Colleague: 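One structure is given below, represented as structure tokens, and several questions about it will come after.
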Amino acid sequence: MAEITLLESIRQGIDEMMAEDARIFVFGEDVGRRGGVFRVTEGLIDKYGPMRVLDAPLAESVIAGACIGAAMNDTLPIAEIQFADFIHPAFNQIVSEAARIRYRSNGDWNVPMVIRAPYGGGIHGALYHSQSIEAFFCHVPGLKVVAPATPYDAKGLLKASIEDPDPVLFLEHKKCYRLIKGEVPEEDYRIPIGKADVKRAGRDMTVISYGLMLHYSLEAAEELAHEGVEVEVLDLRTLRPLDREAILSSVRKTSKALIVHEDNLTGGLGGEIAALISQHAFEHLDGPITRVCAPDVPAMPYSKPLEEAFMPSPAKIADAMRELAAY
Amino acid sequence: MAEITLLESIRQGIDEMMAEDARIFVFGEDVGRRGGVFRVTEGLIDKYGPMRVLDAPLAESVIAGACIGAAMNDTLPIAEIQFADFIHPAFNQIVSEAARIRYRSNGDWNVPMVIRAPYGGGIHGALYHSQSIEAFFCHVPGLKVVAPATPYDAKGLLKASIEDPDPVLFLEHKKCYRLIKGEVPEEDYRIPIGKADVKRAGRDMTVISYGLMLHYSLEAAEELAHEGVEVEVLDLRTLRPLDREAILSSVRKTSKALIVHEDNLTGGLGGEIAALISQHAFEHLDGPITRVCAPDVPAMPYSKPLEEAFMPSPAKIADAMRELAAY
Amino acid sequence: MTIDVQPMTLVGAPPGVDESTMLEMYRYMLLARAMDERMWLLNRAGKAPFVISCQGHEAAQVGAAFALQRGKDFTLPYYRGLATVLVMGMSPREVMLAIFARAADPSSGGRQMPAHYGHHKLKIVTQSSPVGTQIAHAAGIGLAEKIKGGDAVAWTSFGEGTTSQGDFHEGINLASVHQLPVIFQCENNDYAISVPMNKQMAVKSVADRGVAYGIPGVKVDGTDVLACYAANREAVGRARAGDGPTLIEAHCVRLTPHSSDDNDRTYRPAAEIKDLRSHDPLTRYRDYLREQGALDDVREQELRERIKHEVDDATAFAEQSPLPDPSTLLKHVYADS
Amino acid sequence: MTIDVQPMTLVGAPPGVDESTMLEMYRYMLLARAMDERMWLLNRAGKAPFVISCQGHEAAQVGAAFALQRGKDFTLPYYRGLATVLVMGMSPREVMLAIFARAADPSSGGRQMPAHYGHHKLKIVTQSSPVGTQIAHAAGIGLAEKIKGGDAVAWTSFGEGTTSQGDFHEGINLASVHQLPVIFQCENNDYAISVPMNKQMAVKSVADRGVAYGIPGVKVDGTDVLACYAANREAVGRARAGDGPTLIEAHCVRLTPHSSDDNDRTYRPAAEIKDLRSHDPLTRYRDYLREQGALDDVREQELRERIKHEVDDATAFAEQSPLPDPSTLLKHVYADS
Ligand SMILES: Cc1ncc(C[n+]2csc(CCOP(=O)(O)OP(=O)(O)O)c2C)c(N)n1
Ligand SMILES: Cc1ncc(C[n+]2csc(CCOP(=O)(O)OP(=O)(O)O)c2C)c(N)n1
Ligand SMILES: [Mg+2]
Ligand SMILES: [Mg+2]
């Protein structure tokens, strides 16, 4: 098996699907000649031509809105939002339209589209090129939200997302793009949407995370192993729908839960996870459900010392693990 | 003291503030001659003229965006979004701009504006005239979110919101507009943003709610009193920033928590509240933190039987109270 | 605000429109009006919580829909589009099912307010309440059609107030950049609820905005069904030929308050309301057909009776049809629910 | 894509512009260019993670800013607005503080990327990254000014790609409905990162879009500082007189890649890149000033030395200035934090 980066695994996934199914097209700013600002779609325009790899006008609402329309006319659009921070102008189209079309039409219409969005920070992107936006969309029935952390998961989940008959928001962590490498099999495969994955087994506590923070959590877990604490690390992979069973059964086993995300604490996905656990695994809990998240400031600042102060780090996560273990 | 409706208390609040401060103006669709589709601003154009009560073009993004600009030019705008469901086109202006301007300018600029939005259902408004939108904005640092349930609180909080140097989203429950009446003192007063209020004291469990559901919770609490269960009902009033102390101290006292909101369960504000409690009042908990919320469907349907099935009711809340009491 | 529809002369039948077609247009206009008036009666009788009208827009909608191909072309009509959907194939019974919010309502199974039309088999695309979103969808449908190499057309409608929305600009801009087969019909009735056009835009005509996208902006008398047909037929021809989108402004009249929740006397001058009826597209077309000798009292009479019967039948059928079962609340959130 | 700036003749000085003003304009253009080039050096040296240029836009910005009143009028310049903010009063030291993300950076205290300008005292309104939002803010500032009865003007800039955003439409539409004192300057450099204008809009000129709002749409050679000054001076006059907004399209050249993260050779024809320098606004203006006898080698030389000194000083000052303290991370979320 070949070792490739997260970025390459996503490009491969798109490429292999486009080769198979002529209904698939890519629509976004600079996705053509430029191959996207991160080069995820590099080379696709040469392979599939300008009618299947289209540079969109600089207008996110119609990027989403047009893909919604196209999805209702027997095509399978993959919209690229250049930075997740710029998905907000499309909020109405995604929340009021894409997410509600099946329900409001009583199942008569549906919107099989994928919206790819690079998110997350730690790359000197400052307030508007670093945001974690998942919490907004994890609150929206009718949407699915996927956030893989490894090349293997990303490729398998991307293919599943393109085949999904409902709208899927596919989140790609910018810092993981080239940092995270992994083996990906030659043969065709899928990772089902809605299934979490235990990336490290342990009996002393459950850490629930995703994206870049999943990797930081694994680092911290490694550190605690040397201190004799066996941490189980659960990679959500899909943020909506949440894999309730995976979360609850792990916590019932370890009886302690630590939630880690890069998004702001208040109103973040961690709240929902804590609520699930505290309602449905209450009897098993042997310590307070703890969250390690970004502080409640509008977004990640540019200047290095501020960016570092903002980001949850393996060290901060390890400290929280120790505290919870000691409880 | 006079008994007035929630709607009248809001109109009075705007009117009295406009009379005092010439910097205040109202900007929204149909707020002029029509006095707003709910008549909240009725009569104001006659009193203050068309330059302080302006009919906006049918464009929410610029309603918010222009008020942001106006707030930076020494005026105090009150934007009206005709229905909260239609705030989504303004999401980018509110989240990327209004909420971030103070932080991104390191305190050099700020946006003293109020955005009023009628929200909530139970009025045959269907999917797009019934939504609860608070969770999206409660996740946004830099914003304040207020949702009063009584005429007294509404008037006092509205005045505090207009005077607040930061952007405030002021949510008005449509069904409460005329249904909820209450006494409001003649004299000038304020209700501070960020302070919850115990609307009913009790020792057996804490119910945390706001808006229409606050009233339904009080009804249910009344019912349980007859069964010998003393329920404490906490009215959040402000949804961001949350009154952590009020929530935690009440739960520490009663050791049981029930959260009730009309918004969809998953990713709703209830998750954040549950997380706060499960992390910071863990030792005091004597039962699972329970949530009574709307189901995870895109929004409230129009047809009566479906609308009723969607809405949390006093009966559903009472059942949850009984179950939690029996735990 | 004065309504500058031309004096009482209609453009007359464009080539290829025979008498039976002209009468068919008239029938649909009458049907839409009769359905609409019945809805108001049901509302007053407490049987329909909400009504929003197409009264005054019938000519614009029937003229346009006659230029489209049923079952082939996509329509994305906004909430005033009753006459549009009738011509595109929705039956009076199907329309009434929505008014009563019944389970069998094909648009939404009673989930949405009435007038939020949708019907996949008829390629009527499901509509929502936030105005203008469908303009972007229409552009996307056109984009997909171009990608697939098909020759179907996407037709969408909206009010003049909705042209203030960003989605109006973004959607038409995309369609014009790629020369997509889309027709954007603005049904200008001078008001957005209570807001008059001069508070909505600083131009006299929405059609003037075509220039900003390098596409034809056509202004047509929206109370003249034959003129609206001609304008749309030309636009459809351009679209199918790959010559790109057209922006059509059909100047209509809003003969009713905005909706059953509105009272237009609070903001609309009495004289203006009084004058509206003189611009009723039905009266104008009836007079024209009579002049042409295409219509007489007898035919008019039998037409009206036939329509009354249809509306009675649709109302009775819908009223006795069952409401949605509460157990279906959780259905259709996702494919597997 | 060919850049259709007129042959090498400038319009010449409009009435009331004396030689010292013309030289002052030149000085600001040189200063902006020198600052910009220094930033790229710092980026290459690994001292500045991000640079985005105003190279090729200096004439459009200096011409415009000279038509405004410092400290009175509001400017909302987008990220290419280096020359704009320099003329409006931001010092080279203040600009460099942002490049090094220092605590004393007046725009954001090092919180935002460089080129996200803001300076309350100078009425430079804080800018964000999502393009086009400032267009709505400018309209709102104009609205407030009208409500207050003041005569300040709001001036905002943006690229041609940004005209595809809904906020462009909504903002200009509002300003035109209320005849607000706002100037919308589109600095058209033919590209939005890699996307050429013909994939962005189906019109030849952004100025054509003024018609859609019933306001003047003025197309000006954005490499001719005096022409840009004249166009903006006229627009400012209209705005102050209460005659409403103006849309100005200044056709510029983008002499650099989009930003330090971009490589334009992957999408921009080599010949086109080669040709760009022949449209350099500085060269054109220098030649003009020499023809006019306003400039000679000596004056040019001392000007350049003075500027080099300023840039050296600003760089040294900013580099040794302290970074933000991590403990300030939580400050300024709300007034009381
Ligand atoms: C985004 C959004 N904002 C506000 C509303 C509330 N609303 C419904 S209809 C309407 C006026 C529409 O006017 P126009 O576009 O002229 O259409 P008309 O009803 O006059 O035919 C408004 C403001 C809405 N439905 N959607
Ligand atoms: C809403 C939004 N979408 C995407 C981006 C990413 N982006 C930054 S600059 C840019 C191109 C802007 O082009 P133009 O408006 O022509 O200005 P120019 O850079 O050419 O001067 C894009 C797509 C953004 N900043 N904001
Ligand atoms: Mg209208
Ligand atoms: Mg450009």
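Remember, it's a predicted structure, so these values are computed and weren't measured experimentally. Reminder, nothing fancy here: chain letters follow the sequence lines and each chain counts from 1. Heavy atoms only: backbone and side chains are in, while hydrogens, waters and symmetry mates are out.
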Colleague: Please indicate whether Glu20(A) has more than 12 foreign heavy atoms, meaning atoms of other residues, nucleotides or ligands, lying under 6.0 Å from its CD.
Modeller: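 Counting other residues, nucleotides and ligands, CD of Glu20(A) stays at 12 neighbours or fewer.
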Colleague: Taking non-hydrogen atoms and a cut-off under 4.5 angstrom, which of residues 70-80 of chain C neighbour chain A?
Modeller: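 Answer by number: Phe74(C).
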Colleague: Do any of residues 100-107 of chain A come closer than 4.5 Å to chain C, heavy atom to heavy atom, and if so which ones, in number order?
Modeller: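 Within residues 100-107 of chain A, near chain C: Ile101(A), Arg102(A), Tyr103(A), Arg104(A), Ser105(A), Asn106(A), Gly107(A).
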Colleague: Which one wins on heavy-atom pair count under 4.5 Å against chain A: Ile147(C), Val125(C), Thr126(C), Asn173(C)?
Modeller: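 Result: the option with the highest number of such pairs is Thr126(C).
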Colleague: Indicate whether any N or O donor in one side chain lies under 3.5 Å from an N or O acceptor in the other, for Glu187(C) and Gln185(C).
Modeller: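 Result is yes, a qualifying pair exists.
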Colleague: Distance from Leu42(C) atom CG to Ser260(C) atom OG, nearest 0.5 Å?
Modeller: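 The CG atom of Leu42(C) sits 11.5 Å away from the OG atom of Ser260(C).
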Colleague: Using modelled atom types only, decide if a donor and an acceptor are shared between the side chain of Arg102(C) and the backbone of Ala318(C) within a distance under 3.5 Å.
Modeller: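 Yes.
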Colleague: Can you label the angle between the Tyr213(C) ring and the His169(C) ring as parallel, tilted or perpendicular, going by 30° and 60°?
Modeller: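 Correct class here is tilted.
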Colleague: Between Asp188(A) and Arg190(A), is there a salt bridge with N-O shorter than 4.0 Å?
Modeller: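 Here Arg190(A) pairs with Asp188(A) in a salt bridge, since their nearest N and O are under 4.0 Å apart.
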Colleague: Run His129(A) and Phe86(A) through ring-ring contact (aromatic ring centres under 6.0 Å, His included) and show every step you take.
Modeller: CA-CA 9 Å; His129(A) 297 79; Phe86(A) 306 135; 5.3 Å; yes
Colleague: Rounded at 0.5 Å granularity, tell me how far CZ in Phe184(C) sits from OG1 in Thr246(C).
Modeller: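 Taking CZ in Phe184(C) and OG1 in Thr246(C), the distance rounds to 9.5 Å.
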Colleague: Select one option (side chain, backbone, both, neither) describing which atoms of Asp74(A) are under 4.5 Å from chain C's heavy atoms.
Modeller: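 Contact with chain C: backbone and side chain both.
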Colleague: Measuring centre to centre across the rings, with the benzene-like ring taken for any Trp, is Phe168(C) within less than 6.0 Å of Phe158(C)?
Modeller: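 Aromatic pair counts; centres sit under 6.0 Å.
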Colleague: For chain A, find its close neighbours in residues 329-337 of chain C: heavy-atom separation under 4.5 Å, sorted by number, or none.
Modeller: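 Result: Leu329(C), Lys331(C), His332(C), Val333(C), Tyr334(C), Ala335(C).
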Colleague: So what's closer than 4.5 Å to chain C heavy atoms on Pro141(A): side chain, backbone, both or neither?
Modeller: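 Both backbone and side chain of Pro141(A) come within 4.5 Å of chain C.
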Colleague: Non-hydrogen atoms of chain C under 4.5 Å away: do they reach the side chain of Asn110(A), the backbone, both or neither?
Modeller: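 Neither; nothing under 4.5 Å.
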Colleague: For a ring-ring contact (aromatic ring centres under 6.0 Å, His included) check, start with the C-alpha distance between Phe317(C) and Phe100(C), then their side-chain angles and the critical distance, and finish with the verdict.
Modeller: CA-CA 10 Å; Phe317(C) 171 82; Phe100(C) 287 100; over 10 Å; no
Colleague: Look up atom CZ in Arg34(A) and atom CD1 in Ile45(A), then write down how far apart they are to the nearest 0.5 Å.
Modeller: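 Between Arg34(A) CZ and Ile45(A) CD1, I get 13.5 Å after rounding to 0.5 Å.
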Colleague: Just checking heavy atoms, which of residues 129-136 of chain C are less than 4.5 Å from chain A?
Modeller: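 Contacts with chain A: Pro130(C), Thr133(C), Ala136(C).
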Colleague: In terms of heavy-atom pairs under 4.5 Å with chain A, which of Ala144(C), Pro324(C), Gly142(C), Gly109(C) leads?
Modeller: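 The residue among Ala144(C), Pro324(C), Gly142(C), Gly109(C) with the greatest pair count is Ala144(C).
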Colleague: Would you call Arg23(A)-Asp21(A) a salt bridge at under 4.0 Å N-O?
Modeller: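 Salt bridge flag = yes for Asp21(A) with Arg23(A).
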Colleague: Do Gln82(A) and Asp30(A) meet the criterion of a side-chain donor-acceptor pair at a distance under 3.5 Å?
Modeller: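 Note: Gln82(A) and Asp30(A) side chains meet the donor-acceptor criterion.
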Colleague: Below 4.0 angstrom, N of the basic side chain to O of the carboxylate: do Glu249(C) and Arg209(C) qualify?
Modeller: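 No, Glu249(C) and Arg209(C) are not salt-bridged.
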Colleague: What residue in Gln93(A), Arg52(A), Met72(A) has the most heavy-atom pairs under 4.5 Å with chain C?
Modeller: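 Heavy-atom pairs under 4.5 Å are most numerous for Gln93(A).
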Colleague: For the atom pair CE (Met113(A)) and CZ (Phe170(A)), what is the distance rounded to the nearest 0.5 Å?
Modeller: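 CZ of Phe170(A) is found 14.5 Å from CE of Met113(A).
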Colleague: Determine yes or no for a side-chain-to-main-chain donor-acceptor pair under 3.5 angstrom, with Asp105(C) supplying the side chain and Leu97(C) the backbone.
Modeller: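 No, the answer is negative, given that no donor and acceptor are paired below the 3.5 Å cut-off.
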Colleague: For Lys195(A), look at atom NZ and say whether over 12 heavy atoms of other residues, nucleotides or ligands are found less than 6.0 Å away.
Modeller: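 No.
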Colleague: Considering only heavy atoms, which portion of Ser128(C) lies under 4.5 Å from any heavy atom of chain A: side chain, backbone, both, or neither?
Modeller: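 Contact with chain A: backbone and side chain both.
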Colleague: Could you grab the distance from atom OH of Tyr119(A) to atom CG of Asp85(A), nearest 0.5 Å is fine?
Modeller: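 Result: 12.5 Å between the selected atoms.
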Colleague: Distance from Ile24(A) atom CD1 to Leu44(A) atom CG, nearest 0.5 Å?
Modeller: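 Answer for the CD1-CG pair, Ile24(A) versus Leu44(A), is 11.0 Å.
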Colleague: Please classify the contact of Ser61(A) with chain C as side chain, backbone, both or neither, using a heavy-atom distance under 4.5 Å.
Modeller: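 For Ser61(A), backbone and side chain are both near chain C.
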Colleague: Which bit of Val111(A) comes within less than 4.5 Å of chain C, counting heavy atoms only: side chain, backbone, both or neither?
Modeller: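 Answer is neither: Val111(A) stays 4.5 Å or more from chain C.
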Colleague: Which atoms of Ile63(A) come close to chain C, meaning under 4.5 Å heavy atom to heavy atom: side chain ones, backbone ones, both, or neither?
Modeller: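 Ile63(A) has no heavy atom closer than 4.5 Å to chain C.
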Colleague: Thinking salt bridges, do Asp151(C) and Arg240(C) make one under a 4.0 Å N-O criterion?
Modeller: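 No salt bridge links Asp151(C) with Arg240(C).
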Colleague: Taking Met17(A)'s backbone N and O only, do any of them form a donor-acceptor pair with Lys159(A)'s side chain (distance below 3.5 Å, no angle check)?
Modeller: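 Side chain of Lys159(A) to backbone of Met17(A): no pair is present.
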